Amino acid sequence: MAGEAGEGKGEASKMDMGALKKALRGSDPPSDESSDYAFWSSQPVPSMSDNDLGPDDPRGPIVPSDVSAVEQEALKLPAGFEWCSIQLGDEAELSELYTLLKENYVEDAQALFRFDYSRPFLRWAMMPPGYKPVWHVGVRVSTSRKLVAFVGATPAGLCVHGDAIKGVEVNFLCVHKKLRSKRLAPVLIREVTRRCNLEGIFQASYTAGVVIPKPVGHCQYWHRSLNPKKLIEV
């Protein structure tokens, strides 16, 4: 019996390692074509069908930078949810954000691996010189006060064709897995955009694991696990 149990465990380990190897190889790269860009077609970004600008084409903001025209009130959330600004200097709120990201942020297709950013790293990444707590946008459940969604923006100077532009970097967009059907992500993006616009910031940079309108660059990177067998065991 002991031998049979040992063999069964060995077979399970082989299956786990097979899944791990597949995960490490990564999924197929996303297609450049998509039939559904409903949200992004409503945003001030170039469409996928737009031609790249030539050296003599006019450049500048897609939407004029007019702070007076920015909506003063926060966007409406589904019933039962409310906006908040995460205070990363507060240990309790920092831990809330850490837990949300640890359990719900970017993971591989097999849900074997997920980024686990430490609390000190989150502070370092989200609190650079000139940061604004109001740009650390959270969504809470009104009754329990549980943090269920987040998106952050931090000051970031951009250089576009030699022109220095005051902008932000948008990062850590995360919605709790059980709330993905609530379509909170587009509302989060609009809200952090509104809050940045109120401060006179109308340009931003961001990255995504899928192709969205319209990429200005792309890169490929790999994660090398130092001890895959141990990772499977734990």
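Only this structure's heavy atoms are used, side chains among them; waters, hydrogens and symmetry mates stay out. Note that the coordinates shown come from a computational prediction; the quantities given were computed from them, not determined experimentally.
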- Task: Report the distance from atom CD of Glu103 to atom NZ of Lys177, rounding to the nearest 0.5 Å.
- Result: 8.5 Å
- Message: So, taking the atom named CD1 in Ile86 and the one named CG in Leu100, what distance separates them when rounded to the nearest 0.5 Å?
- Response: 8.5 Å
- Arg195 side chain to Val134 main-chain N or O, any donor-acceptor pair under 3.5 Å? yes
- Heavy atoms only: give me the nearest Pro213-Ser47 pair and the separation to one decimal. CB-CA, 4.3 Å
- Item | Contact summary for Gly152 and Met126, nearest pair of heavy atoms | CA-CE, 3.5 Å
- Query: How are the rings of Phe115 and Tyr117 set relative to one another: parallel (under 30°), tilted (30 to 60°) or perpendicular (over 60°)?
  - Reply: tilted
- Could you pull out the closest heavy-atom pair between Trp83 and Ala74, with the gap in Å? CD1-CB, 3.6 Å
- Below 4.5 Å, heavy atoms only, C-beta onward: do Leu147 and Cys84 meet side chain to side chain? yes
- Message: Could you report the tightest heavy-atom contact between Pro128 and Pro155, atom names first, then the distance?
- Response: CG-CD, 4.1 Å
- State whether the side chain of Arg119 and the backbone N or O of Leu94 hold a donor-acceptor pair below 3.5 Å, judged by distance alone. no
- Query: Would you call Glu71 and Arg190 a salt bridge, taking side-chain N to carboxylate O under 4.0 Å as the test?
  - Reply: no
- Consider only side-chain N and O atoms of Asp116 and Tyr105, and report whether a donor and an acceptor are under 3.5 Å apart. no
- Message: I want to know whether His136 and Tyr131 have ring centres closer than 6.0 Å.
- Response: yes
- Listed partners of Phe81 passing ring-ring contact (aromatic ring centres under 6.0 Å, His included), at least two apart: none
- Heavy-atom side-chain proximity of Pro78 to Leu184 below 4.5 angstrom: yes
- Euclidean distance, Cys174 SG relative to Asn104 CG, rounded to 0.5 Å: 5.0 Å
- Task: Decide yes or no for Asp66 and Phe202: does some side-chain heavy atom of the first lie under 4.5 Å from some side-chain heavy atom of the second?
- Result: no
- Item | Co-membership, hydrophobic cluster, residues Val192 and Leu198, 4.5 Å side-chain | no
- Query: When clusters are formed by joining ILVMFWY residues with side-chain heavy atoms under 4.5 Å apart, either directly or through shared neighbours, do Val137 and Val141 land in the same one?
  - Reply: yes
- Task: Can you measure from CD (Gln203) to OG (Ser65) and round to the nearest 0.5 angstrom?
- Result: 5.5 Å
- Task: Check whether any side-chain heavy atom of Val187 sits under 4.5 Å from a side-chain heavy atom of Lys76, and report yes or no.
- Result: no
- Do the non-hydrogen side-chain atoms of Thr154 and Phe172 ever get within less than 4.5 Å of each other? no
- Message: Using side-chain heavy atoms (C-beta onward) and a distance below 4.5 Å, is Tyr206 in contact with Ile212?
- Response: yes
- Message: Can you tell whether the side chains of Arg194 and Glu73 come within less than 4.0 Å, N to carboxylate O?
- Response: no
- Message: A quick test of your reading: do over 12 heavy atoms of other residues, nucleotides or ligands sit less than 6.0 Å from NZ of Lys214?
- Response: yes
- What heavy-atom pair brings Ile201 and Asn197 nearest, and what distance separates the two atoms? O-ND2, 2.8 Å
- Hydrophobic cluster membership, Leu77 vs Leu173, 4.5 Å side-chain cutoff: yes
- So, Glu191 side chain and Leu75 main chain: donor-acceptor pair closer than 3.5 Å or not? yes
- Query: What distance separates Met127 CE from Leu122 CG, expressed to the nearest 0.5 Å?
  - Reply: 11.0 Å
- Message: Donor-acceptor check, side chain of Arg180 to backbone of Val175, threshold 3.5 angstrom: yes or no?
- Response: yes
- Determine whether Val168 and Val70 fall in the same hydrophobic cluster, where Ile, Leu, Val, Met, Phe, Trp and Tyr are linked whenever their side-chain heavy atoms lie under 4.5 Å apart. no
- Message: Could you measure the distance from the CD atom of Glu93 to the OG atom of Ser85? Nearest 0.5 Å is fine.
- Response: 9.0 Å
- Query: Considering only heavy atoms from C-beta outward, does the side chain of Asn171 approach that of Phe150 to under 4.5 Å?
  - Reply: no
- Message: Determine whether a donor-acceptor pair (N or O, by modelled atom type, separation under 3.5 Å) exists between the side chain of Glu82 and the backbone of Gly80.
- Response: no
